[in-house]
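Notes to accompany the following structure.
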Amino acid sequence: GYHVGMQTGNIADAMINTCVFLFNSFVCGKNLVELKKELDLFGGKMVESKHIGFHHLVRLTDLMITNLLISNDSPSLFAGENTEVKILLEQATKDKNTFTICHVYILAYIEAYIFGEYELAANMIERRLEVEKTVSTRSHYFGMIDFYDGLVFLAMARKTNNDKWTLRAEKAMSKLERFVQIGKANCEHKLFLLQAETNSLLGENEDAIGKYESAIAVAGKNSFIHEQAIACERAGDFFLRNGDSRASQYYGKSNTLYLQWGARCKADHLCKNLPF
């Protein structure tokens, strides 16, 4: 799409296709170092061609990926005090650009979840849902939205013991099941992990172990390295809660996978927050 658009003079189409390609690369777990180079390259081309709206979308993704890449003592969360994000969000709100506004909240809550900030992630979901009430269609990103919605809802269910979160997680899983039917390779591991987290929440430990193992194996088989890392981390949490020494094995594998993905900041964050 990008090359055809550039060759035919349809620059806007070229930039649209570039935005889709770059974000889908993130969704599919492309190495973050390689993706950062592409974001910088195409972001520069968007500025040169004066397609500033598209550049804003690419820049938002770039900022979030940088937070995952660069290791520091206190990760600068996308949904926190990032001045550039605030400016871009204010501009999108002024322009009534609901797509960009939703994009901000989607990136914010995914990052917050990855770093274990579950209340912040839930807050970002609520903001996204409020914006989505004003539009006729919502972005699904091949089941990714329902996947992370479900993970956040289950984390909040464990944190608060409030059944409303469990019910919302069940709805997210139901939506994700439809994506599994459409694209099994993209979504089966996602569903396995949500099922594992549900089994764990209900105290169905043997079922949970089987689902964690399935999520990890299928994510690896289909090259979703970032979601394989998340599944290993959740499995580590499960074994730690149950006093099982296997926790260290899964945390170790998760750390290795985060590093392979390029998320050094997250890998360091995981190590620093382990209780052993």
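Keep in mind that this is a model prediction, so the values were computed, not measured.
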If you apply the rule side chain to side chain donor-acceptor pair (under 3.5 Å), what do you find for R234 with S200, and how did you get there?
CA-CA 10 Å; R234 293 291 79 82; S200 173; over 6 Å; no
Checking L257 against C232 for the side-chain contact (heavy atoms from CB on, under 4.5 Å) test, could you report, in this order, the C-alpha distance in whole Å, the side-chain angles of both residues, the deciding distance, and whether it holds?
CA-CA 9 Å; L257 289 166; C232 286; 3.9 Å; yes
Walk me through it: do M46 and V58 pass the test side-chain contact (heavy atoms from CB on, under 4.5 Å)?
CA-CA 9 Å; M46 289 170 182; V58 168; 3.6 Å; yes
Taking it one step at a time, do E126 and R168 satisfy salt bridge (Lys or Arg N to Asp or Glu O under 4.0 Å)?
CA-CA 12 Å; E126 298 303 336; R168 295 180 74 176; 2.6 Å; yes
So L57 and F99, side-chain contact (heavy atoms from CB on, under 4.5 Å) or not? Walk me through it.
CA-CA 9 Å; L57 289 173; F99 184 85; 3.9 Å; yes
Please evaluate residues D149 and Y109 with respect to the criterion side chain to side chain donor-acceptor pair (under 3.5 Å), reporting the C-alpha separation (whole Å), side-chain torsions for both, the decisive distance (0.1 Å), and the verdict.
CA-CA 9 Å; D149 280 1; Y109 94 88; 2.8 Å; yes
Applying side-chain contact (heavy atoms from CB on, under 4.5 Å), run through L107 and T61 and close with a yes or a no.
CA-CA 7 Å; L107 291 171; T61 306; 4.1 Å; yes
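Judged by distance alone, with hydrogens and angles left aside, the side-chain atoms of N31 form a donor-acceptor pair with the main-chain N or O of V33 at under 3.5 Å. Within the 3.5 Å criterion, the main-chain N or O of R246 finds no donor-acceptor partner in the side chain of Y251. Here the side chain of W261 pairs no donor or acceptor atom with the backbone of L32 at under 3.5 angstrom. In this structure a side-chain-to-backbone donor-acceptor pair under 3.5 Å is present from T134 to V131. A donor-acceptor contact shorter than 3.5 Å is absent between the side chain of H269 and the backbone of A267. At least one donor-acceptor pair under 3.5 Å links the side chain of N222 to the backbone N or O of A185.
Contact detail for L22 and L39: the closest heavy-atom pair is CD1-CD2, 3.8 Å. The shortest heavy-atom contact between P275 and L240 is CG-CD2, 3.5 Å. Heavy-atom minimum distance, M173 versus Q195: SD-N, 4.0 Å. Shown here for I216 and A235, the closest heavy-atom pair between the two residues is CD1-CB, 4.3 Å. Nearest heavy-atom pair, M15 versus F54, reported as atom, atom and distance to 0.1 Å: CB-CD1, 3.4 Å. Between L270 and N255 the shortest heavy-atom distance is CD2-N, 3.8 Å.
At a threshold of 4.0 Å, the pair E197-R158 does not count as salt-bridged, since none of the basic side-chain nitrogens sits closer than that to a carboxylate oxygen. Salt bridge absent: R127 and E132 never bring a charged side-chain N and a carboxylate O closer than 4.0 Å. For E34 and K37, the salt-bridge test fails: no basic side-chain N is under 4.0 Å from an acidic carboxylate O. Salt-bridge check for K36 with D40: passed, with a basic side-chain N closer than 4.0 Å to an acidic carboxylate O.
A 4.5 Å side-chain heavy-atom check between L154 and W165 finds every atom pair outside the cut-off. In this structure, R128 and I145 have side chains that are in contact, with non-hydrogen atoms separated by less than 4.5 Å. Between I230 and Y148, some side-chain heavy-atom pair lies under the 4.5 Å cut-off. Looking at heavy atoms from C-beta onward, R59 lies in side-chain contact with E84 at the 4.5 angstrom threshold. Looking at L35 and F26, their side chains come closer than 4.5 Å, going by heavy atoms from C-beta outward. F115 places a side-chain heavy atom less than 4.5 Å from the side chain of L68. In this structure the side chain of N24 reaches within 4.5 angstrom of the side chain of Y141, judged on heavy atoms.
Results of the side-chain hydrogen bond (donor to acceptor under 3.5 Å, both in side chains) test with Y258 over E233, K253, K266 single out E233 as the only residue that passes.
The hydrophobic cluster containing L60 also contains V27, counting ILVMFWY residues as joined when their side-chain heavy atoms lie under 4.5 angstrom apart, directly or transitively. Residues F23 and V20 do not share a hydrophobic cluster, defined by chaining ILVMFWY side chains whose heavy atoms lie under 4.5 Å apart. Follow the hydrophobic side-chain contacts under 4.5 Å out from M124 and you reach L89 in the same cluster. F192 and F179 end up in different hydrophobic clusters when Ile, Leu, Val, Met, Phe, Trp and Tyr side chains are linked at under 4.5 Å. Hydrophobic cluster membership differs between L167 and L151, with clusters built from Ile, Leu, Val, Met, Phe, Trp and Tyr side chains linked at under 4.5 angstrom.
Under the 30°/60° scheme for interplanar angles, the aromatic rings of F21 and F42 are found to stand perpendicular. Between Y113 and Y118, the ring-plane angle classifies as tilted under the 30° and 60° cut-offs.
There is no side-chain donor-acceptor pair under 3.5 Å between N123 and E119. If you check the side chains of N199 and Y212, you find no donor sitting under 3.5 Å from an acceptor. H189 and E227 form a side-chain donor-acceptor contact under 3.5 Å, judged by distance and modelled atom types alone. For the residue pair N242/N205, the side-chain donor-acceptor check at 3.5 Å is satisfied.
Taking CD1 of I106 as the reference point, atom CD of E111 lies at 14.0 Å (rounded to 0.5 Å). The CG atom of N186 sits 6.0 Å away from the SG atom of C28 when rounded to the nearest 0.5 Å. Atom CD in E130 sits 12.5 Å away from atom CD1 in I101 (nearest 0.5 Å). K30 NZ to S223 OG: the interatomic distance, rounded to the nearest 0.5 Å, is 13.5 Å. Expressed to the nearest 0.5 Å, how far CD of E170 lies from CZ of F153 amounts to 12.0 Å. A distance of 8.5 Å separates CD1 in I110 from NE2 in H226, rounded to the nearest 0.5 Å.
Separation of the F239 and Y250 ring centroids falls under the 6.0 Å cut-off.
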